[in-house]
2 protein chains.
Amino acid sequence: MLVTKSTQTSPTSPGRVLGVLRAEGPLTRQELQERVGLSRVTMVERLDVLRRLGLVRASGHRESSGGRRAEVLEVNDTGRTALVADLGQSHATLAVTDLRGTVFARDDHRLPVRHSPQEVVPVLLDAGRDLLNRTDRADTLCAMALSVPGQIDHERGVTVAPPTMPDWNGKPLREPFAEAFGVPVLLENDANALALGDYYAMGRPDSALIGVKVGTGIGAGVVISGRIHRGESGSAGEIGHMRIEGSEQRCSCGRRGCVAASASGQALTRDLRSTGVRTLADVVRRVGEGRGDAVRAAAEAGRLVGTVVATMVTIVNPRYVRVGGAIGVLPPFLEALRRTVEANAHASALRNLDIEPSQLGENGAFVGLAGLVADEMLSPATVDAMVANLPPAQPERT
Amino acid sequence: MLVTKSTQTSPTSPGRVLGVLRAEGPLTRQELQERVGLSRVTMVERLDVLRRLGLVRASGHRESSGGRRAEVLEVNDTGRTALVADLGQSHATLAVTDLRGTVFARDDHRLPVRHSPQEVVPVLLDAGRDLLNRTDRADTLCAMALSVPGQIDHERGVTVAPPTMPDWNGKPLREPFAEAFGVPVLLENDANALALGDYYAMGRPDSALIGVKVGTGIGAGVVISGRIHRGESGSAGEIGHMRIEGSEQRCSCGRRGCVAASASGQALTRDLRSTGVRTLADVVRRVGEGRGDAVRAAAEAGRLVGTVVATMVTIVNPRYVRVGGAIGVLPPFLEALRRTVEANAHASALRNLDIEPSQLGENGAFVGLAGLVADEMLSPATVDAMVANLPPAQPERT
DNA sequence: GAACTTTTGTCAGGTTGGTTAACGTAAGTT
DNA sequence: AACTTACGTTAACCAACCTGACAAAAGTTC
């Protein structure tokens, strides 16, 4: 049954007020008052509470209309700190950020190819502590977020069978970090984190957005109504290991004919091996240099992924498609993908469709994860809970 | 910007109480009270209001636990009436129903193949009035809902370019019916209406559901969080006219290589013409009789549609897929579709996936449209507006 | 700089919408 | 008949919010 989650906080609680401010951008007290529907007296009280929690701040003034200028208020998304980590097949990147994704410190680790959680988690714990101490923000840490290249069981806080990382199947991830840092830990798939990053970077539009990530592997994330659509078993958007017709290419997941077996960075590296390519970075470099064989291979991969994205576009009818990952942002790949989508998708889904490379480069996942933390920590429910624990205002001792 | 629509009704308003009752099934007063978080006194008042509006009713009793039995309450979804109409390429079916989709009267009209709104709308108006008068429910009519085989601009209440029905492009549909019947008019795509019908028939589960309709044409609807996902231009799920690789078949929409050009009822009728088939009904009959050529054609169509549905399943990761339409429910078609989905979709999206024929047969669209009306007319906002117009309780004149 | 305007904070009293507490009745079981 | 549970009603109460009045801050205009 579909249960209308009764957060049970009044529609004018401090948390809701912050929600309106978050959704409708910087506002003056009057504008905020109108939108929330509170009297001036009560709004003063709400803002006082939010200010004491460090959740709102002044961001300037409106032009005077003949008298005192109105102060413009905005959500303070730089006061609290998140520890975010982007875990890949062969690397882990950590960063200390604020809730809008500003990076204060980052740290790259190379990982062995077939690493296991037993090895990696302690490394990440140490690296996280280090990184926090390198900034002066450790005391404002409010949550951690982690992206992994695989599915996640959000209920249990556990990874689920990333086909190429068998050691990671069913390993608890939330728990060790939550214990070590004493804050909530959010987990997200890497493609979803990237999609969210681009979504947040666009200013949280009302429209749907599809993020496609083509790096070593292939994945996609679908943002609908401002949230990742996860689906029944948390695998929504996992397009890498669906099969395409007419391919019998063996895939690293053990099956044959997957999209990733023909169009991923791993596949390109394999296919170009005879031309001297050894790593994904080699592929990227050669495409950048305009080497014919590499460019052709990237374009063919773009076409293949494009056929899947065309179906995604037809089904979801999003406003934005953002393509990221080392391969995804290569112009020949993106061009072929774009052409294929335009040729194959439903005509009316192509109107207003905007296919662009991911805007965020290396920090894409960080912005997504930081935004995820922001949505969690600045949600009406969380804020109202903070308000409940706030010591009462001291009545100006004389 | 994503605006958290502030319905501005308190979380304990009568409308919200009804919402809880609707979502969580039949409940006793005590259970309802717990879930909503109201005192007994206030709950009595809420229920009094809802009872006076005819929105709740008793549905039995719990077992006694040693004293008086608790009365079980449920939403009264049979007291109000909807006029629903399912408009097809060559027919129109109207029905008078209650808000759970019980059909009290129905009426089938054959329409000329290239009909225009100018001809059809007056016919529907007359037929609707007739049908209402044939029941004794005209006085409880609260809304009308209409499904059409094409896209809809919900803002303007207008159809948008159904490729095979050029005369219907941009024609206002909401207005004439709203004027004639004096009630709100809801519009929905036919595949969406079918998907909603199956969704409601399952008891509004929490999971996502994909409805696929393969009749004369091909379409699909995606239900996420209890609502149709429409997308940016309202064409989400319109899989019929996306192109598939390796086909150059001319489509009735004017392009080449569409799914519908190879796998729709229209395409099957065309392809089997040399064997004596003339209409869609001929195809269905011959498949039923087990005629080899017809069965093979249906299976091939199922395989083709299956490749698209496999991608849908991978992207949306739904719990349910329901396949309807005259072709869609044919066993050879459905079996081929199922096999193709199981072969091509992402493995983990297949766990818990339930692919079945549409459960509702002829009345599928009616149930979907009636449910749409219910969601609209029993929504907290609508109910609270009704409450505001309710005359105050008369204080028992002596 | 004086007069005016607009924004913002605060105090005080009044209204509203809910609460708890107590009582009474209805409808079961033992 | 005695007990138990469900349900309705009344009355006193209370917290949250409102309106109205006042005042200070911070601009503009002349």
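Just so you know, these numbers come straight off a predicted model, no measurement behind them. Naming convention: chains lettered A, B, ... in sequence-line order (proteins, then strands); numbering from 1 in each chain.
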Practice task
Please work out if B/Gln30 contacts a base, only the sugar-phosphate, or nothing of the nucleic acid, heavy-atom cut-off 4.0 Å.
Solution key: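 Sugar-phosphate contact only - B/Gln30 comes under 4.0 Å of backbone atoms but never of a base.
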
Practice task
Scan B/Arg29 against the nucleic acid and name what it touches under 4.0 Å (heavy atoms): base, sugar-phosphate only, or nothing.
Solution key: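 Result for B/Arg29 = sugar-phosphate.
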
Among residues at least two apart in sequence or on other chains, which ones pass salt bridge (charged side-chain N to carboxylate O under 4.0 Å, His left out) with [X]?
X	answer
B/Arg100	B/Asp77
B/Arg174	none
A/Glu74	A/Arg57
A/Arg230	A/Glu188

Exercise for the section: Specify the residues of residues 62-70 of chain B, ordered by number, for which at least one heavy atom lies under 4.0 angstrom from an atom of DNA chain D. Expected result: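 Heavy-atom cutoff 4.0 Å gives B/Ser65, B/Gly66, B/Gly67, B/Arg68, B/Arg69, B/Ala70.
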
Handout entry: Of B/Val44 and A/Ser13, the one whose closest DNA chain D nucleotide lies more 5'
Key =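 Looking at the nearest nucleotide for each, B/Val44 comes out on the 5' side.
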
[X]: partners by side-chain contact (heavy atoms from CB on, under 4.5 Å), with sequence neighbours left out:
X	value
B/Val183	B/Leu141, B/Met144, B/Phe181
B/Thr28	B/Gln30, B/Glu31, B/Arg62, B/Ala70, B/Val72
B/Gln33	B/Arg40, B/Met43

Exercise for the section: Check every nucleotide of DNA chain C for an atom under 4.0 Å from a heavy-atom of chain B, then give the first and the last such nucleotide from 5' to 3'. Expected result: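 Footprint of chain B along DNA chain C, 5' to 3': C/dG18 to C/dT29.
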
Practice task
Specify the residue among B/Arg40 and A/Leu47 whose closest nucleotide of DNA chain C lies further upstream toward the 5′ end.
Solution key: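 In this pair, the answer is A/Leu47.
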
Problem - Working for side chain to side chain donor-acceptor pair (under 3.5 Å), residues A/Arg137 and A/Thr81 - result: CA-CA 6 Å; A/Arg137 295 192 131 247; A/Thr81 301; 2.5 Å; yes

May I have the list of side-chain donor-acceptor pairs in residues 370-378 of chain B shorter than 3.5 Å, sequence neighbours left out?
residue	atom	partner	partner atom	Å
B/Asp375	OD1	B/Arg22	NH2	2.3
B/Asp375	OD1	B/Arg204	NH1	2.6
B/Asp375	OD2	B/Tyr200	OH	2.9
B/Asp375	OD2	B/Arg204	NH1	3.4

Problem - Rounded (10°) bend between the five-pair end axes of the helix from C/dG1-D/dC30 to C/dT30-D/dA1 - result: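 Computed angle between terminal axes is 20°.
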
Handout entry: Segment of DNA chain D, first to last nucleotide, that comes within the 4.0 Å heavy-atom reach of chain B
Key =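 Nucleotide range with atoms under 4.0 Å of chain B: D/dT4 to D/dT10.
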
